[in-house]
Amino acid sequence: MKYDFKTIESKWQNKWDEAGCFRASDDHTKPKFYGLVEFPYPSGAGMHVGHIKAYSGLEVVSRKRRKQGYNVLFPIGFDAFGLPTENYAIKTGTHPRKVTDDNIRNFTSQLKKVGYSFDWSRVVDTTDENYYKWTQWIFLKMFEAGLVFRDKTLVNYCPSCKVVLSNEDSQGGKCDICHSDVVQKSKDVWYLRITEYADKLLEGLNEVDYPENIKLQQINWIGKSKGAFVNFEIKGTGEKLKIYTTRPDTLFGVTFMVMAPEHPMLEKYSSLIKNYADVEAYKAECAKKTEFERTQLVKEKTGVKIDGISAVNPVTGKEIPIYISDYVMMGYGTGAIMAVPAHDTRDWEFAKKFGIDIIEVIKGGNIDEEAYTGDGEVVNSGFLNGLTNKKDSIEKMLEYLEEKGIGEAGVQYKMKDWAFNRQRYWGEPIPLIHCENCGIVAVPYDELPLRLPKVDNFEPGSDGESPLAKIDSFVRCACPKCGREARRETDTMPQWAGSSWYFLRYIDPHNDKEFASAEELKYWLPVDWYNGGMEHVTRHLIYSRFWYKFLYDLGLVPYSEPYAKRSAQGLILGPDGDKMSKSKGNVVNPNDVVDEYGADVLRTYVLFMGDYEKAAPWSESSVKGCKRFIDRVWNLLEIVKDGDGISPELETSFHKTIKKVSDDIETLKYNTAIAALMTLLNQIYDKGSVTKGELKTFVTLLNPFAPHVTEEIWERLGETELLATAPWCDYDEAKTVEATIEVPVQICGKLRATVSVPADADAATVIACAKEDPKIAELLAGKTVIKEIYVPGKIVNIVAK
RNA sequence: GCGCUUGUGGCGGAACUGGCAGACGCGCCGGAUUUAGGAUCCGGUCCGUAAGGGUGCAGGUUCGAUUCCUGUCAAGCGCACCA
């Protein structure tokens, strides 16, 4: 009887739905498990096989946990604000609300067809006003706490999407949404002061179970460095130019200084600068360059020497020139540096080009050839001379600087504050009001949600203004403080806002008094296991930790870190080994796979295809292999016999497999768990029959991977309760080892024979047994045995000459 | 340039704290069944006729190395003039 997956899969999906067996329970006496997957952006293209891999991993864990008696929260939702929807809406003239609703409906039906055990009663949609009400609420809390500020600065701006982008969204000088070149633009921008949490975000990493590479990526992204701030006197003005350096030990080697072209001191002393026209021209040139061009010009240093003002090296007292150059960024440190050409590659290149002195202060390299950045003995440095340890000389210099009042120790971060606004329609309105009288005023909490007005025209303005600015009824309002006429902020929040706290809403999704109740939060938090993509490590994962830590500081959430454990799945590549993309035409649609082979096959395949954390190409014929496996499991019904127990010849195999599958699911080794089940299946077929007891154990183990076929077999074996909620299998450690084992025998490290011995035999017995083997005896004849090694249960090695 | 990761059959990948390299699956070869194809089932499949040789390459430690150490090459990902 052929396995009719279409009928059977939808049958069980309906039964699970009716039974409500995947709803998290309110029973707080049970141990809990909160498994979280990154909720999808409901795009028009529908689901991607990458989603399937991402969700199938924790799906297996969640199904296993339920069987182990945990109260499981395994939720799903939709991160639905964002540009792709809005762009599609503009193109087709459909309202983004409708586009979003259609896409969510489509995603929901696709997810249900795969048979995931999500708790569908807790779905969260970030564009739902009952959700974004709380996004705005948390934002206002941040505003109250002084974490929201407005600044006119150079920002990353995408001329094509007409939006300001955060640093995280413009990596590599490309817009993350449309991939066109990002330009620098001067604009009023709302920022969230994430840098205030830099240290907390760093320290928190010690408390969590994340893979090392994810921790490292976050550490590098935050980019904390220790160094010193040093004040250089500007000759004849009494003004100090403050710089940041990580190498105060090289201060005696400073032969010039460099300011960023945007440095404010230039304007301040414009009257003293004789070549101010040149300076202005250089500034204009830099402003025109895109981020991309700036990185392309790494090889060739450019700059202008400032004629008219100079600085004094505070330790040597020598007068040194000041330059401006775009290799110094206004956004890092103080926007000015002390240049030590002998020991910094960039300074060296600059000095060579402009003919500036290069003074060696650390021995060990050839500074005529290149900058020496290694360690060595300090020379030409007064009181530091002779020191050989970098740490010592830095310490000594810092003491000196502090004593003389020239400088002090300090830290810097690469991470920048989070540019938090978009000039677009499809996002959460920022609940702030501009009042001429009172300044920036928060929308009162009881007026939340501040709803997106319903409009017909949501195209962005050509001048980079939000579409909301055109809607008079939205913009004009009364100031909540003084009552006079005021204007609403018309920018919306960036896409990352809603996803920064969604995992908290799942805990208590229908609460209309709070974002979630303290009691529920205390029970369910932290998220026990969070799986998602590597691409979110420096964005969503940092942003959401930041929001969470802020709420923790307000006492609104119970533990200092949101995610106890994080894992990341590897990409699924196209069959050609390239990254899947529409333009390459190598995209596999999960829907087609479900239609052709069934959901169980799709789920099994994405977990079997390779190491879960590594990228692997899609292979249609391997999918067929999984199809064969599922069919062979189904066909066990044809050789099933009465009997509750496990037959003696398969007892060890079953116990081994239960142990292996149980362990492998916990360590993301889904591929070897499935392989172990395939091996056991082959052994059952070798035996020729299967008892009901054996088959029940087998389908229990396979159930988290292939829930439909196993549920159907379970029912046909006469079970009346759902397999989904039936208990997991136990194993007996003692029964996982064979009574007799095959021990390989080596002579001088080369395998020569294997012998059968009782598993508990001692070394002497096993070695004696090995020597009795005819082949071993023959090879040892006439030789002297030097050493005999027996590793219990593993190997015998005889060293002979 | 810096950081991280990975190099194992024709392919995806296994191999516990150093202990039989290639589990499991795909593909391929042979056979059975079939009018034929497909599907299914059975057997074989690292290379070499063999001795032997094999985990990117060259060394080292060890009775024994895919695993540890040193050097080197290659690929992927991330960051990138971060002072």
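In what follows, chains are A, B, ... by sequence order, proteins preceding strands, each numbered from 1.
In this structure, K659(A) reaches neither bases nor backbone, as no heavy-atom distance under 4.0 Å exists between it and the strands shown. As judged by a 4.0 angstrom heavy-atom cut-off over every strand, D631(A) is placed among residues making no nucleic acid contact. In this structure, I789(A) reaches the bases: a heavy-atom distance under 4.0 Å links it to at least one base atom across the strands shown.
Across the strands present, G52(B) finds its partner in C47(B); the criterion is a Watson-Crick or G-U wobble pair with both atom distances under 3.5 angstrom. Across all strands shown, the partner of G19(B) is C63(B), judged by Watson-Crick or G-U wobble contacts whose two distances both fall under 3.5 Å.
Here the separation of U66(B) from A14(B), taken at their C1' atoms, is 11 Å to the nearest Å. Look at the C1' atom in both C57(B) and G25(B): the space between them is 31 Å, to the nearest Å. A51(B) and G59(B) have their C1' atoms separated by 27 Å, given to the nearest Å. Rounded to whole Å, the separation between the C1' atoms of G22(B) and G30(B) comes to 23 Å. To the nearest whole angstrom, the two C1' atoms, one in C20(B) and one in C63(B), are 16 Å apart.
With distances taken from any side-chain atom of N213(A) to the nucleotides A83(B), C26(B), C4(B), the minimum falls on C4(B). Residue L216(A) places its side chain closer to C4(B) than to any other of G25(B), C26(B), C4(B).
Evaluation of atom-type donor-acceptor distances gives a pair under 3.5 Å for the side chain of N797(A) against the base of C63(B).
Between Y605(A) and W618(A), the gap from one ring centroid to the other is short of 6.0 Å.
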